[in-house]
Amino acid sequence: MTILLFIMAINFIFVLLAFYNYQKVYVPLIITLMILIMAACYDVVDYAMYKSMYENSGYMGYTIESILSDSNDLYSPDKGYALLNELFLDAGLSYVEFRFIISVVCLFILWKITSKITHSIVLVFSLYMIVPFFFDAMQVRNFYAAVFLFVAIYVYSKYVRVDQDDLNYHLYSADFRGALYFITIMLIGTSIHKVLFFYLPFFLYDYLQSKRISKYICISLSVIGMMLPIYSGILQGNVALTNFLFENATSEGMERLAIYSSLEINPLRMWFDWSYLLLMLIILGYVLKCLKYNSAPILTVRYVYTVRQLFFYLTLTLPLLAMAPNMGRIYRNIMLMGYIAIATYFDYCKVRYKSLKLIILFVLVAIIGYGELYYTYGNAALDVLNNNYIMDYLGISK
């Protein structure tokens with residue numbers, strides 16, 4: 001809990017100073033801080049496994065040709081990540097260098113796209129550092145895949161159809177090009193981590209929601225997902241259903257999910273994920289309304305609309321939380337997009353009691369972070385700070 005309070009205090013100071021015209025100073029500072037923490041950490045959760053995979057050519061010493069052709073080993077579905085490992089290894093780089101370079105590139109992409117949507121970059125990344133930043137620093141392959149999702153949603157939002165009259169915006173799903181770009185980027189991302197398959201049908205859900213009849217079917221399915229508290233006990237206790245969905249699956253990707261289903265359910269994390277999703281739907285609906293009323297840039301409106309639709313789509317996956325606790329990463333991967341959407345409210349809307357609302361926002365994110373990360377994995381998050389090559393060099397770690 002101490003580490004959470006410390007991170008909150010530092011980030012909140014960053015935000016307050018940034019809102020008083022110090023963005024040019026604090027944006028590079030917070031980006032540099034994230035790079036130092038994420039790209040230079042070692043001996044954290046999953047670190048040894050990914051290092052071993054890398055040093056053994058990722059997959060039992062395979063060549064690039066065998067990675068692209070083989071389909072029998074455990075990690076063969078993630079050929080993109082295997083290929084990335086092999087390319088860097090062939091270039092003579094160590095795992096530390098590989099991890100540093102890829103992390104810097106990914107953080108640069110996050111910063112570049114964020115800066116196109118909101119001016120409140122420090123706010124966005126300050127919230128991100130509370131949660132899920134430390135998860136991303138540990139589960140790096142999931143983080144690399146999440147960056148593909150981040151890019152895909154941004155590109156998709158640029159093609160969202162807009163009908164504008166004198167009173168309001170009417171937003172609809174992206175056109176064919178937007179859907180095509182989204183599918184292409186996501187399919188590439190699934191070669192890094194199969195978790196992205198959960199987001200792939202989003203474009204179809206968004207399209208169906210723009211149609212009069214199918215819209216009500218989508219809404220009905222979302223409502224069923226939101227009613228998770230009513231039937232979660234049935235799903236948790238239904239071993240036969242869990243086995244049918246996961247453990248008896250035939251595809252390699254679903255077999256991987258069987259591992260997740262065998263883990264012990266953490267009720268606290270499940271309810272935090274459920275609460276977070278519903279809370280964000282309420283907040284994003286309000287933000288979108290304010291942006292329309294204040295005539296925010298159309299790109300911003302499109303992006304917030306797309307993110308809200310993505311949150312709506314993910315309500316369909318809520319029942320999975322009661323059967324496979326590791327599915328919480330589905331919602332963590334979109335937290336940064338939610339923060340960006342909220343930041344646009346402070347950019348373009350007339351905000352009364354700004355400091356009070358910022359405090360409330362930080363407290364809410366801290367509560368979510370406590371339930372998601374610090375309550376269960378507090379020591380693991382602390383390892384990200386303690387086990388750091390640059391901190392070791394400066395003599396300030398541990």
Side-chain angles (χ1 to χ4, degrees), residues 34-35 37-60 62 64 67-68 70-71 73-89 91 93-110 128 131-153 185-200 251-260 263 324-336 372-373 377 380-381 383-384 387:
M34 288 195 299
I35 290 174
I37 294 175
M38 176 182 283
C41 65
Y42 63 91
D43 289 345
V44 295
V45 173
D46 291 343
Y47 183 89
M49 176 184 68
Y50 287 126
K51 182 180 180 182
S52 176
M53 289 163 52
Y54 182 87
E55 292 177 347
N56 289 284
S57 297
Y59 307 92
M60 305 298 291
Y62 291 157
I64 292 177
I67 288 173
L68 294 176
D70 186 80
S71 60
D73 66 281
L74 176 62
Y75 296 100
S76 62
D78 304 316
K79 293 182 183 294
Y81 186 72
L83 183 61
L84 202 59
N85 276 236
E86 186 62 32
L87 289 173
F88 275 76
L89 194 65
L93 299 176
S94 68
Y95 176 69
V96 174
E97 294 168 324
F98 162 77
R99 184 182 173 112
F100 190 92
I101 292 171
I102 298 299
S103 297
V104 170
V105 170
C106 287
L107 288 172
F108 174 80
I109 292 172
L110 297 185
Y128 173 61
V131 68
F133 173 75
F134 285 95
F135 270 118
D136 290 344
M138 294 183 286
Q139 299 174 332
V140 290
R141 189 164 61 93
N142 181 82
F143 169 61
Y144 303 156
V147 173
F148 277 89
L149 173 64
F150 186 80
V151 174
I153 290 296
I185 296 170
M186 291 296 287
L187 287 177
I188 296 172
T190 58
S191 70
I192 303 295
H193 201 301
K194 287 297 176 288
V195 71
L196 292 194
F197 273 120
F198 283 100
Y199 309 97
L200 194 54
S251 69
E252 290 179 273
M254 289 299 288
E255 286 176 0
R256 190 91 56 88
L257 297 180
I259 300 174
Y260 297 160
L263 300 175
N326 217 313
M327 290 300 99
R329 71 176 63 201
I330 297 175
Y331 314 107
R332 291 199 304 270
N333 289 341
I334 63 171
M335 281 184 172
L336 180 59
E372 278 282 320
L373 174 62
Y377 302 110
D383 287 341
V384 175
N387 302 335

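Computed from a predicted model, the values in this text were never measured in an experiment.
Among residues two or more places apart in sequence or in another chain, the ring pair (Phe, Tyr, Trp, His ring centres under 6.0 Å) test is passed with F150 by none. Applying the ring pair (Phe, Tyr, Trp, His ring centres under 6.0 Å) test to F100 and every residue at least two apart in sequence or in another chain returns nothing. Every side chain to side chain donor-acceptor pair (under 3.5 Å) that Y95 has, sequence neighbours left out, goes to R99.
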| task | Verify side-chain contact (heavy atoms from CB on, under 4.5 Å) between V195 and Q139, making sure each step is shown before the conclusion. | result | CA-CA 12 Å; V195 71; Q139 299 174 332; over 6 Å; no
If you apply the rule side-chain contact (heavy atoms from CB on, under 4.5 Å), what do you find for L200 with F197, and how did you get there? CA-CA 5 Å; L200 194 54; F197 273 120; 4.0 Å; yes
request  = Take F143 and I102, measure what side-chain contact (heavy atoms from CB on, under 4.5 Å) needs, and give me the verdict at the end.
outcome  = CA-CA 10 Å; F143 169 61; I102 298 299; over 6 Å; no
What's the verdict on side-chain contact (heavy atoms from CB on, under 4.5 Å) for F135 and N142, showing C-alpha distance, side-chain angles and the deciding distance? CA-CA 9 Å; F135 270 118; N142 181 82; over 6 Å; no
Note to self: Working note: Y47 + N387, criterion side-chain hydrogen bond (donor to acceptor under 3.5 Å, both in side chains); need CA distance, chi angles, decisive distance, verdict.
What the structure shows: CA-CA 11 Å; Y47 183 89; N387 302 335; over 6 Å; no
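Inter-residue side-chain proximity for F133 and I37 is flagged as met; some heavy-atom pair is nearer than 4.5 Å. Using a 4.5 Å heavy-atom cutoff, the side chains of M49 and R141 are not in contact. Residues F98 and L84 form a side-chain contact, since some pair of their non-hydrogen atoms from C-beta on lies under 4.5 Å apart.
Taken to the nearest 0.5 Å, the CZ atom of R329 stands 10.0 Å off from the CZ atom of F198. Atom CG of L110 sits about 11.0 Å away from atom CZ of F108, to the nearest 0.5 Å. The CE atom of M53 sits 6.0 Å away from atom CG of N85, with the distance rounded to the nearest 0.5 Å. Atom CD1 of I330 is separated from atom CG of L149 by 11.0 Å, given to the nearest 0.5 angstrom. Rounded to the nearest 0.5 Å, atoms CG (L196) and CG (L187) are 9.5 Å apart.
Residues Y50 and V140 approach most closely at CD1-CG2, 4.0 Å, considering heavy atoms. Pairing each heavy atom of V104 with each of A39, the nearest pair is CG2-CB, 4.4 Å. Between L373 and M138, the closest heavy-atom pair is CD1-CE, 4.2 Å. For C106 against Y144, the heavy-atom pair with the smallest separation is SG-CD2, 3.8 Å. Taking every heavy atom of both residues into account, C41 and V384 meet most closely at CB-O, 3.7 Å. When all heavy atoms are compared, the tightest approach of F148 to I185 is O-CG2, 3.5 Å.
Here the side chain of Y128 pairs no donor or acceptor atom with the backbone of M335 at under 3.5 angstrom.
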